[in-house]
There are 2 protein chains.
Amino acid sequence: MPRAGLDPAAVTLAAAALADEVGLHNVTMGALAERLGVRAPSLYKHIDSQADLNRRIALLVAEELGDELRTALQGRAGRDALAAAARTMRDYIIKHPGRYAATVRLGVTGPDDPLALAGARVLESLAAVLSGYNIDPADTVHALRLLRSLFHGFATIEAQGGFEMDTNVDESFNWLIDFVDRGLSLKSQ
Amino acid sequence: MPRAGLDPAAVTLAAAALADEVGLHNVTMGALAERLGVRAPSLYKHIDSQADLNRRIALLVAEELGDELRTALQGRAGRDALAAAARTMRDYIIKHPGRYAATVRLGVTGPDDPLALAGARVLESLAAVLSGYNIDPADTVHALRLLRSLFHGFATIEAQGGFEMDTNVDESFNWLIDFVDRGLSLKSQ
DNA sequence: ATTCCTGGCTAACGGCATTAGCTTTTAGCT
DNA sequence: AGCTAAAAGCTAATGCCGTTAGCCAGGAAT
């Protein structure tokens, strides 16, 4: 029998894809192994544990999100950049709810943790959005937390089907971008 | 031997307390039973399954949060009400991270679902905050979603220890309330 | 060709949620 | 007070899951 030719990256990618399909909590070692044409214990040749796998998925998400943000923000500034960043994050979370869920509830070990570094690069992109707004440097960290909380909150509630009412969610999203843009523009005067 | 005298409410309350102490994912049937002085299978005389238990915890949270919001919003309007609502939600989630986690990832079955009803009462409180702002009725649902996304996002990120930087989180929180207050005031003109 | 690491396998363990079926307590009725 | 029956506890057992131990083959390097 030929070998499966797996490595940690392939396992992580398959797990992320499976999570998007069936939900992160249904990504069992058995199901993942079956999808990879392998038995469950074999996975431990590539990953340490399920917690390690979650961590790797979270790292993948941070890298993917960072890449998409950097791409989307090229040549944009101000309201345009804000809208692009918001849309990019929202689309990503809606498209990849399973892998995004892996980013919740994990502790960062140290400042040189690759996960912390990848997360920092995402934050840098959000900071770049803010740089188009002329904000008091003392307030930048607050504005950053605003964007992060809002994007994360909105997308997770939407991904879990939390917006019950029939009013169009897209419309709310655009209204929200407007609201933040206006507020940040005010602050800069 | 005397009986333990349990009922669904007592089991739910104990589970919620345990979740706050050890995290929701560590609320195992065995651990919960031990805390109640009972064996694990006995719990099934009061609840249907672990999923049912999660649902009951979520319902408890919606009721508790709704009560606290209504209390906190008595006699307040405008910016004062906004700040009170934000603080109430944040304090609750920080104080009860385990039970709050139970509100994530659950499907509402129908419009007469008690969970949906309790959730609607929470939303009513947030709507009451907005009523002090003179907002265009067509925009109310958007503003509601803004508050919900922001409060939920901020509190969950904070509860999971996500704000790494050393800048004071309280300060960011107050800045954020200011930001929303200003924005909503603008809209009302 | 031999050696040896790598990546697969089977078998097994402990923990978990859950079900089946038994026993005992206790509330309600006469 | 005593009887009955439902409610609430128990033990035993099942099946899934994560994980570990230990074995075996395949392919690369000498």
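Quick note on labels: first sequence line is chain A, next is B, and so on, each numbered from 1.
Distances were taken from every side-chain heavy atom of H46(B) (C-beta onward) to each of dT18(C), dA8(D), dC9(C); the shortest belongs to dA8(D). Distances were taken from every side-chain heavy atom of T28(B) (C-beta onward) to each of dG9(D), dT18(C), dC16(C); the shortest belongs to dC16(C). The V38(A) side chain lies nearest to dG8(C) when the options are dG9(D), dA17(C), dG8(C). Comparing dC10(D), dA17(C), dG8(C) by their nearest atom to the side chain of K45(A) picks out dG8(C). Of the candidate nucleotides dG8(C), dT19(C), dT19(D), dT19(D) has the atom lying nearest to any side-chain atom of P41(A). Among the nucleotides dG9(D), dG18(D), dC9(C), the one closest to the side chain of R39(A) is dC9(C). Out of dA17(C), dG9(D), dT19(D), the shortest distance to the side chain of M29(B) is found at dA17(C).
Between the CG atom of D48(A) and the C1' atom of dT20(D) there is a distance of 13 Å, given to the nearest Å. Rounded to a whole Å, the OH atom of Y44(B) is 21 Å from the P atom of dC22(C). Residue L43(B) contributes atom CG, which lies 9 Å from atom P of dG9(D) at whole-angstrom precision. Taking atom CD1 on I47(A) and atom C1' on dT20(D), their separation rounds to 14 Å, with Å as the unit. Atom-to-atom, CG of L32(B) to P of dC16(C) comes out at 13 Å; the value is rounded to the nearest Å. Here dG15(C) presents its C1' atom at 15 Å from NE2 of H25(B), a figure rounded to the nearest Å. Taking atom CG on N26(B) and atom P on dG15(C), their separation rounds to 15 Å, with Å as the unit. When the C1' atom of dC17(D) is taken as reference, atom CD of Q50(A) falls 8 Å away, rounded to whole Å.
Look at D113(A) and R55(A) and you find a salt bridge, because one of the NZ, NE, NH1 or NH2 atoms lies within 4.0 Å of a carboxylate O, short of that distance.
Here S42(B) does not reach the OP1 or OP2 of dA8(D): none of its side-chain N or O atoms lies under 4.0 Å away.
Between F179(A) and F179(B), the angle of the ring planes goes over 60°, which puts this pair in the perpendicular group of the 30/60° scheme.
Within the model, atoms CZ of R56(B) and CZ of R99(B) stand 15.5 Å from one another, a figure rounded to the nearest 0.5 Å. For the atom pair OG1 (T12(A)) and CG (N54(A)), the distance works out to 10.5 Å, reported to the nearest 0.5 Å.
Using a 3.5 Å distance cut-off with no hydrogens or angles, the side chains of Y92(B) and E68(B) do not pair a donor with an acceptor.
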